[in-house]
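Side-chain atoms are counted along with the backbone in the values below, which use heavy atoms only and exclude waters and symmetry mates.
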Amino acid sequence: MAGPAADVAPDGRRQPGPVRTRRVRSVDAVVVAGYLGLAVLLTSRQWGRPDRLFHQDNDQMLFEWMLARAARAVTAGENPLHSAALNAPDGVNLMANTSVLGLGVPLAPVTLLFGTQAAFLVAVVVSLAGTATAWYVLLARRLVGSRVAAAVGGLVCGFAPGMVAQAGAHLHMAAQFLVPPILALVFRPGTDRVRRHGAALGLLVAYQVFVGEELLVFLALAAGVFAVAYALADRAAARRLAPALLGRLGVGALVAGTLLAYPLWFQFLGPQHYQGMPFHARGFQLDAASFTASARQTVLGDGYVPGLLSPNPTEENSFFGPGLLVLAVVVVAWLWRRPLVRALAAVGLLAALLSLGDTVRVDGASTGLPGPYRLLSGVPLLDLVVPARFALICVPVLGVLVALSLDRALALAPVGGEAVSAGTGSGGGAAASSGTGSGAPASSGTGSGGGAVADRPGAPVRLLWGGAVAAALLPLAPTPIRTVPTWPVPAFVADGGWRAYVPAGRTLVPVPPVTGAGVSPATFWSARTGLAFTAPGGYFIGPGTADDPTAHWGAPDRPTAALLRRAAETGEVPVVTDADRRQAVADLRHWRAAVLVQGGLHRGEAVRRTVDALVGPGREVDGAWVWDVRPLVG
């Protein structure tokens with residue numbers, strides 16, 4: 001795995017194999033430990049703080065619930081694709097939501113032993129550090145010979161501002177550790193073992209579906225653009241590698257299609273499936289100025305400018321700063337003769353343009369210029385993705401470009417009186433020496449009788465370029481993910497006091513029962529108690545009604561749910577009529593309710609008085625207001 005530089009001793013002789021192996025393993029361990037340490041630091045504001053959630057709190061509640069549901073599927077043998085624990089009596093189609101089974105199933109022991117908050121934080125750490133590590137391995141084995149270059153490239157790929165922003169809310173977008181191995185199989189330089197590598201590709205693709213399907217769509221688009229661009233840049237290599245590549249894709253599609261046939265049927269045609277999205281994806285676009293701005297969760301960031309240039313704090317997917325973009329332009333110009341660099345530039349430029357949405361905006365003002373995203377309006381799947389997330393494709397593009405440039409600069413470093421190239425990885429990888437595709441020699445030259453004189457410009461160039469990379473990356477250094485306070489789960493729910501009120505087949509109804517796209521006590525309480533009870537409502541995507549599959553946030557509104565939500569949103573007690581009371585009884589019967597429970601709410605007094613007017617006075621029990629509605633429902 002080591003590049004040539006790692007094989008050369010200070011006296012110019014090659015190191016023995018075992019010594020080299022131990023050295024490589026220690027370096028790799030240090031790099032991976034560094035990634036893990038940084039990921040733990042970024043999540044530090046929430047460890048041991050059950051009263052805190054990351055800033056997009058409703059999304060964390062959803063993913064905690066999904067992790068709890070995966071653990072339940074493992075221990076109880078329940079259907080992992082559907083759950084009746086929320087949205088009673090209809091349930092939730094988990095394949096049609098971001099169920100992250102690929103994370104939840106392996107993390108089931110953590111969830112069961114330490115709870116959903118700990119499992120969520122471990123998932124964030126694994127997503128960030130795992131993504132960085134996967135790119136580090138791919139870079140070190142295939143593209144560069146310098147471990148330093150690979151480590152810096154992995155750092156960019158795993159901890160860029162967009163990755164940190166997504167990690168605070170969207171596990172399915174931050175967990176990109178399968179992307180490098182998938183790409184390694186797709187673009188494998190060898191032409192042998194087509195069926196074996198194709199089968200492995202199919203398995204990885206199937207697994208990625210259970211981590212995040214949206215990311216797989218981006219990956220397919222980027223890989224397709226890369227393949228076309230590389231073929232145009234190096235047609236001879238394309239002709240030689242195309243048959244094996246197509247063979248691997250064919251075998252992979254067969255394996256993945258076989259494994260995913262039923263889950264995808266369930267997603268698109270199973271119970272509680274839906275069509276479209278419950279929001280206008282086109283509205284989530286980036287401002288062109290965001291690419292040179294600083295994200296709020298970086299050492300130079302603030303909370304004002306990013307709020308003007310991105311849809312919300314979670315979608316700060318660009319924000320690379322001027323330094324990194326200038327650096328990327330210089331790298332592309334410097335290494336332009338390499339087909340790999342030209343293909344990467346094409347992918348990154350297209351992704352950046354797509355992230356600008358239908359109409360290009362600069363500094364908050366519309367330019368009236370149409371964006372390339374309009375071309376995707378009729379393309380299945382692509383027309384449903386959030387445009388702002390296309391910028392996430394730029395993250396590994398920039399990471400690989402930085403690694404290639406550092407590897408080229410470090411290749412000029414004199415070792416034992418010779419300038420040694422750190423050009424090629426191992427493991428049968430594609431040639432990636434500093435001279436490959438550029439016409440430059442791999443080393444500064446050789447002479448007779450003991451080698452050439454050291455390349456004197458090497459050290460200054462190495463220092464200057466290292467300083468330029470540091471100047472571009474240091475302003476992007478991430479800070480711990482911001483947290484916000486949350487209402488604790490009432491002791492009545494957390495300690496199981498509700499069990500005395502809820503017989504088998506009946507539900508606990510959090511108040512308000514349906515919150516649309518807002519914070520859902522049903523989801524949060526269910527997650528933190530390990531799905532101990534069944535509840536109506538929840539935070540998920542489902543059909544509008546039984547007869548209308550149009551996507552809708554949460555459960556369809558029933559009159560009583562809408563009445564209580566208005567009270568929670570306005571803080572005003574509505575006039576309650578006898579018709580409202582009769583409707584409340586009908587809705588409670590539909591939900592199979594046994595008890596209503598109200599925990600902490602910002603306008604809780606208005607909600608409590610509204611419930612009193614509907615079903616009679618409640619009473620305070622263990623930190624919650626409780627209404628026993630069994631006499632009403634029967």
Any side-chain donor near an acceptor of the partner, [X] and [Y], under 3.5 Å:
X	Y	value
Q46	Q60	yes
Y274	N93	no
D547	T545	no
W591	T507	no
R45	T483	no
E64	T116	yes
W525	T529	no

For [Y], does its backbone N or O pair with a side-chain atom of [X] as donor and acceptor, under 3.5 Å?
X	Y	result
D548	T550	yes
T133	G130	no
R528	A494	no
H552	G554	yes
N312	E315	yes
R52	R482	no
Y136	G153	no
R248	V186	yes
T131	Q176	yes
E316	R296	yes

Q | Inter-residue atom distance N87.CG - F540.CZ, 0.5 Å rounding | A | 3.5 Å

Q. Got a second to check how far M95's CE is from L269's CG, nearest 0.5 Å?
A. 12.0 Å

Q: In plain terms, say whether R603 and E569 are close enough for a salt bridge, that is, a side-chain N and a carboxylate O under 4.0 Å apart.
A: no

For the residue pair [X] and [Y], establish whether any side-chain heavy-atom pair is separated by less than 4.5 Å.
X	Y	value
L259	V209	no
T298	P161	yes
L260	F210	yes
S355	L286	yes
H172	E213	no
P80	L94	no
E620	V626	no

Q. Between F54 and F120, what is the ring plane arrangement, given parallel below 30°, perpendicular above 60°, and tilted in between?
A. tilted

Q: Report the relative orientation of the aromatic rings in Y35 and F159; use parallel for angles under 30°, tilted for 30 to 60°, perpendicular for over 60°.
A: tilted

Q) Under 6.0 Å between the ring centres of W553 and Y539? A) yes

Q: Examine F533 together with W498 and report whether their ring centres are nearer than 6.0 Å.
A: yes

Q.
Test side-chain contact (heavy atoms from CB on, under 4.5 Å) on N58 and S520; report intermediate values, then the result.
A. CA-CA 7 Å; N58 52 348; S520 168; over 6 Å; no

Q | Identified side-chain contact (heavy atoms from CB on, under 4.5 Å) counterpart of V124 within the set V164, V40, T43 | A | T43

Q. In terms of heavy-atom contacts, does NE2 of H590 have more than 12 from other residues, nucleotides or ligands at under 6.0 Å?
A. yes

(Q) Can you list everything that forms a salt bridge (Lys or Arg N to Asp or Glu O under 4.0 Å) with R630? Sequence neighbours excluded, please. (A) D628

